[in-house]
Amino acid sequence: MTVDFVKISEKWQKRWERDKIFQVDAGDLEDRNKFFITAAFPYLNGVLHAGHLRTFTIPEVVARYQRMKGKRVLWTMGYHVSGTPILGLAELIKKRDEKTLKAYNKLHKIPMEELLKLDNPEAIVEYFSKRATRAFKKMGFSFDWRRNFTTNDETFKKFVEWQFLRLKERGYIKKGSHPVRYCPSCDNPVEDHDLLEGENATLVEYIVIKFKGKIELDGREEECIIPMATLRPETVFGVVNAWVNPEGKYLIVKVYREVDEEGNLEYSGIWIVSEEAAEKLRNQGRVVEVIKEIRGEELVGKTVINPVNNREVPIYPARFVDTSIGTGFVMSVPAHAPYDYVALRDYYRSIDRELKEEDLIPLIKLENYGKYPAKEIVERMDIRSQEEREKLEEATAKIYREEYHKGILNENCNRYRGIPVREAKEVIIKDLLERGIGEILYEFSEPNVICRCGSRCIVKLVKGQWFITYSDEEWKKLAHKCVDKMEFIPESLRKEFHNKIDWMKDKACARRRGLGTRLPFDRKWVIESLSDSTIYMAYYTIGKIINVYNIGAEQLIPQLFDYIFYSKGDIEELSKITEIPKELIEEMRREFLYFYPLDWRCSAKDLISNHLTFMIFNHVALFPEEFWPRGIVVNGYVTIEGKKLSKSKGPLLPMEEVAERYGPDVGRFYISTCAELPHDADIKFMEMEKVKDNLERFYQFAQEVADVSPEDIDYRDLSTIDKWLLHRLHKSIKLADESYNTFQLRKVGVLFYQLFNHLKWYRRRGGDNKKLLRLVAETWAKILAPITPHLSEEIWELFGKEGYISLETFPVAEERYIDETLELGEEFLASTLEDIRRIVEIAKIKPKRIYLYTADPWKYKVLEILNENRDKSVKELIPIIMKNEEFRRYGKEVVRLVRELMEIGVKPVIDEGEILKNSKALIEREFGCEVIINGEDKKNKKRQAIPYRVAIYLE
RNA sequence: GCAGGGGUUGUCGAGCCUGGCCAAAGACGCAGGACUUAGAAUCCUGUCCCAUAGGGGUUCGGGGGUUCAAAUCCCCCCCCCUGCACCA
């Protein structure tokens, strides 16, 4: 039999839409039996794919489940189109970029003639919105479509404007400057995907320590600053000399620092820096005037004064100094930096001096090392000269790591003595900056960061940038509080969110280009795309009214949102100003009050450190505690046959294709059960085919029992195996219920497969109660309905039921049918069968008669005692049993029995004789011979029997 | 480097929190058998190694420890994945 899943799904999708069964409105505010679940909406620069399918199917299934649990479920979807990628895509299509056209034609399955029309952002937004909607509908998503929107809708933008006005009012928006990756030739910040090379480079913060020196200018000796850039500012206490590259080009410059947004300058003195460093300073908020150019060697032999301890140290030459890194000067800490140690030793040798321990200044105590860790490791690794770069890198990394984690500053570090390095570092940086002897200089962690245009990127400090002040400590406290109160699946996320909140810095929230909302208080800027999507779940609640009644953007003034979200203001007046009828304003307010807060937010892993964290921050900033989000669910990624998804290179697997090729139910079942929630799911097409087979089997099973009535099953009339099946059914309901509640959809899948095994066993045991089987089919159609709604509806109709199964009540597990001893009995029987089979095989006997013996009664009594003392150990149990005279005469046999029973597991005593008698025919059938239960004791076998393991003799 | 997750038997993947019924669920794959004109489907059986009576041996990244008992608890190490932002 083949089932046309696509045809079935189309039939039901049409009916659902016709009857609007998934539209939902706010109910009684006094009885908020609601469930509000959302997923992070998709960014529409392509079609929806397998990754979306997974992330959205999870809440979709749970939404359907909760609907069947009688909740008023708000579940819908918006589309994200803000930012630059859609702009970029439009440009590429306009340019007829071959790679892009190919990818969108082949992978996104867009016909070429359609594709060529998508040469402007508006067309792209429209096209992909339509495609996304079509894909969702084909997969049977149960959205309330009236609430759908895109982030480029004028009405939505009004909502975002309100958000930013209120954030600013609360002091969470400020202006400042920040470092960005920048291309000097494109004169623009460079995004990740615009990089040719250096995607992994990060921004690192060097601390520039301003050593004081003297330089001759126009015949006069002038005070100057020779800045040392370092990543280990804590080692400044151990500086014994400075390094300069003798062949390097250096500049004597006057430095002015920008001190405010207006560009006011503050004179910072005469500096000597490498030519490259001068350029960096220019890009990073300083004005640099060149006085004179010199070569590094001119500085060799001069001295500088360490600003932290006023120690005067000489400048020596070193070839390892790279003038393009830092300032072109390096402070030398030979006690703790292998490079410095080796270079200093080399230099001393060149002037016929020997480097002695007294020449070094140790500043970090480190266990397993002496006073001079750098010296030790250099000697241990036998590093001969500063040319042995690889070894030196290794030594440096090792020392750095160990010192950072285990080192403690010593008495040379004056007031920082006794503080572990990892703690001291931050404090020292702060102090250096505050005292004006340190400044920050940004660098890339890798030398080559190349823009798509071929130029080398620089770090540029952008001025006048708008920030959201996520670094705000008070704000963070609120966010932490929210996290403490929330639920997370998996639970480990809680810790991760706490970490992320701690680590949050201010975020630039506006850009010069891209789709989206303009900052209401500075219209030159467009709100950055991650920042306009942090509280849009609230918009879902009111979007219905806006869409249905065609409310215009100009009507959505900030005061209106204040009224809806805060109950602030006068409704009469608002209604007059906005020209929105009072009732509609009230309805918006009620929708919000009814559905908020959000019960669950679902997303894939990638949004943890940005979107999901921002969502928490923005909610706690803008809404009272009762409206903070209640839970977050995060799922793993999707791969296809082991390969990562890629919108440009494939594989991609559009959602629509899944619906068309396999049918939505197959796709939904597979994607929600193929991996545990937090794990990555690997789509294998062969397995998807198998899912199809299994769903067909289920449908077939349903058809077999379609003509039976499940009414009036009398429990008392049921056979043991019937009762067992009923027990299994109710246990499955119970487990499915728990699984749905905790988003463990894979478990529902496993239960479904178990159903087949149960049915197999039921039939093998001679079970054939049609009414009962019909009940099983009906119940399972409901259990599966959230996952395979179309098939379930089809079966529901087949069973002659009125209405939609999607709106039915989820089955309720009834404890009175759950009886674990039934299960134990069947397990006992199965293991008995298996034991017989094994003996037959190993002994290579074709038995004529099978003798089965259950254990002697006293053994069951022992088992009972074990059951009563489950918490006791073997040692404790023996004396308890031996207290009884009856057992004492069995002596050592008791001890052996206890050990054996512990091995099998302590289970309740069941009537094994009865079970065997009951299934005698089955055993005889399976082995084709006579079975004798507890008959004549052949070969003294009977005494081998223990509870749950019969003695067997084959003849 | 920091943070989070992970390493299980042919594959995928449970189990680990709450130690013992764990040679370790389930699915898939593979093999044998039944049914069938044949195939598909279905059903039965097997799938770490050894074994002519239900047994024994070696396994859960590596090493060490706790315990009568460890895939499960503790310590150390190795390896893999993800994030570290202004980008969706």
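First the proteins, then the strands, lettered A, B, ... as listed; each starts at 1. The figures here come from the full heavy-atom set of this structure, side chains too, leaving out hydrogens, waters and symmetry mates.
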- Query: If only atom types and distance count, is the side chain of Tyr670(A) paired as donor or acceptor with the main-chain N or O of Phe685(A) below 3.5 Å?
  - Reply: no
- Item | Residues which pass side chain to side chain donor-acceptor pair (under 3.5 Å) with Thr742(A), listed by chain and number, not counting sequence neighbours | Gln744(A)
- Item | C17(B) versus G5(B) - spacing of their C1' atoms, nearest Å | 16 Å
- Distance between the P atoms of U47(B) and C22(B), in whole angstroms? 16 Å
- When rounded to the nearest Å, what value does the distance between P atoms of U18(B) and G26(B) take? 26 Å
- cation_pi(Arg697(A), Phe756(A)) dist<6.0 Å, angle<=45: yes
- NZ/NE/NH1/NH2 to OD/OE distance under 4.0 Å, Asp937(A) and Arg943(A): no
Find every protein N or O atom lying less than 3.5 Å from an N or O atom of nucleotides 75-78 of chain B, and list the pairs.
none

- Would you classify Lys939(A) as touching base, sugar-phosphate or nothing, given that sugar-phosphate means primed atoms plus P, OP1 and OP2, and contacts are heavy atoms under 4.0 Å? nothing
- Asp506(A)/Lys174(A) salt bridge by N-O under 4.0 Å criterion: yes
- Can you run down the salt bridge (Lys or Arg N to Asp or Glu O under 4.0 Å) pairs that involve residues 488-497 of chain A, sequence neighbours left out, and say none if there aren't any? Glu491(A)-Arg494(A)
Under 3.5 Å, which N/O atoms of the protein pair with N/O atoms of nucleotides 51-59 of chain B?
unit_1 : atom_1 : unit_2    : atom_2 : d
U52(B) : O4'    : Ile842(A) : O      : 3.3
A53(B) : N6     : Leu954(A) : O      : 2.8
A53(B) : N1     : Leu954(A) : N      : 2.9
G54(B) : O2'    : Asp835(A) : OD1    : 3.3
G54(B) : O6     : Gln944(A) : OE1    : 3.1
G54(B) : O6     : Ile952(A) : N      : 3.3
G54(B) : N1     : Val950(A) : O      : 2.9
G54(B) : N2     : Asp835(A) : OD2    : 3.0
G54(B) : N2     : Val950(A) : O      : 2.7
G55(B) : N7     : Arg838(A) : NH2    : 3.4

- Salt-bridge present (Glu676(A), Lys747(A); N to O < 4.0 Å): no
- Task: Using Watson-Crick or G-U wobble geometry with both distances below 3.5 Å, tell me the partner of U82(B), or none.
- Result: A3(B)
- Between U45(B), C86(B), C84(B), spot the one nearest the side chain of Ala508(A), thanks. C86(B)
- Could you tell me whether the phosphate oxygens of A85(B), OP1 or OP2, come under 4.0 Å of any side-chain nitrogen or oxygen in Lys507(A)? no
- Message: Tell me whether Glu704(A) at atom CD has more than 12 heavy atoms from other residues, nucleotides or ligands lying less than 6.0 Å away.
- Response: yes
Close N or O pairs between protein and nucleotides 29-32 of chain B (under 3.5 Å):
none

- Below 4.0 angstrom, N of the basic side chain to O of the carboxylate: do Lys500(A) and Asp502(A) qualify? no
- Message: Expressed as a whole number of angstroms, how long is the span from Ile608(A):CD1 to C2(B):P?
- Response: 20 Å
- Task: Choose from G4(B), C12(B), A88(B) the nucleotide whose nearest atom is closest to any side-chain atom of Leu530(A).
- Result: A88(B)
- Examine distances only and state if a side-chain atom of Ser732(A) and a backbone atom of Arg728(A) form a donor-acceptor pair shorter than 3.5 Å. yes
- Respond yes when some side-chain nitrogen or oxygen of Arg697(A) is under 4.0 Å from OP1 or OP2 of A41(B), and no when none is. no
- Given side chains that start at C-beta, do those of Asn618(A) and Tyr172(A) come closer than 4.5 Å, heavy atoms only? no
- Item | P gap between C28(B) and A23(B), integer Å | 25 Å
- Residue Arg837(A), side-chain atoms from C-beta onward, closest of A85(B), A25(B), U45(B): U45(B)
- Would you classify Asn499(A) as touching base, sugar-phosphate or nothing, given that sugar-phosphate means primed atoms plus P, OP1 and OP2, and contacts are heavy atoms under 4.0 Å? sugar-phosphate
- Side chain of His80(A) only, please: which of A88(B), G83(B), G4(B) is the nearest? A88(B)
- Task: Calculate the interatomic distance between Glu205(A) atom CD and C84(B) atom P; express it in whole Å.
- Result: 18 Å
- Item | U59(B): pairing nucleotide in any strand, Watson-Crick or G-U under 3.5 angstrom | none
- Message: When you compare the side chain of Glu820(A) with that of Lys731(A), does any pair of heavy atoms fall below 4.5 Å?
- Response: yes
- Hey, is the main chain of Leu231(A) close enough, under 3.5 Å, to the side chain of Lys425(A) for a donor-acceptor pair? yes
- Nearest-nucleotide pick for Lys684(A), side chain only, options being C84(B), G4(B), C12(B): C12(B)
- Message: Applying the Watson-Crick and G-U wobble criteria at under 3.5 Å, what pairs with C28(B)? Answer none if nothing qualifies.
- Response: G10(B)
- Query: Just checking Asp506(A): base, sugar-phosphate only, or nothing, at a heavy-atom cut-off of under 4.0 Å?
  - Reply: base
- Query: Taking the nucleotide of RNA chain B with the closest heavy atom to each, which residue, Glu834(A) or Leu607(A), is nearer the 5' end?
  - Reply: Glu834(A)
- Item | With sequence neighbours excluded, residues passing salt bridge (charged side-chain N to carboxylate O under 4.0 Å, His left out) with Arg838(A) | none
- Message: Between P on C21(B) and OH on Tyr948(A), what's the gap in Å once rounded to a whole number?
- Response: 16 Å
- Message: Is the phosphate of A85(B) approached by His178(A) (side-chain N or O, under 4.0 Å from OP1 or OP2)?
- Response: no
- Message: Both distances below 3.5 Å, Watson-Crick or wobble geometry, any strand: find the nucleotide opposite C21(B).
- Response: none
- Query: In this structure, are over 12 heavy atoms from other groups packed under 6.0 Å from Glu487(A) atom CD?
  - Reply: no
- Closest to the Thr84(A) side chain: A88(B), G26(B), U45(B)? A88(B)
- Would you indicate what Lys505(A) reaches in the nucleic acid, counting non-hydrogen atoms under 4.0 angstrom: base, sugar-phosphate, or nothing? base
- Note on the structure: Testing G4(B), A14(B), C44(B) for proximity to the side chain of Arg764(A), the answer is C44(B)
- Nearest to side-chain heavy atoms of Pro85(A), which nucleotide of G5(B), G13(B), A88(B): A88(B)
- Whichever of Glu687(A) and Glu528(A) has its nearest RNA chain B nucleotide further upstream toward 5': Glu687(A)
- If you measure from the C1' atom in U72(B) to the same atom in G19(B), how many Å do you get, rounded? 6 Å
- Item | Euclidean distance for P, U59(B) against C76(B) (whole angstrom) | 24 Å
- Query: Think Lys605(A) has a side-chain N or O under 4.0 angstrom from the OP1 or OP2 of G5(B)?
  - Reply: no
- Query: Could you state the NE2-P distance from His498(A) to G5(B), rounded to the nearest angstrom?
  - Reply: 14 Å
- Message: For a quick check of understanding: with a heavy-atom distance under 4.0 Å over all strands, which category does His611(A) fall into, base, sugar-phosphate or nothing?
- Response: nothing
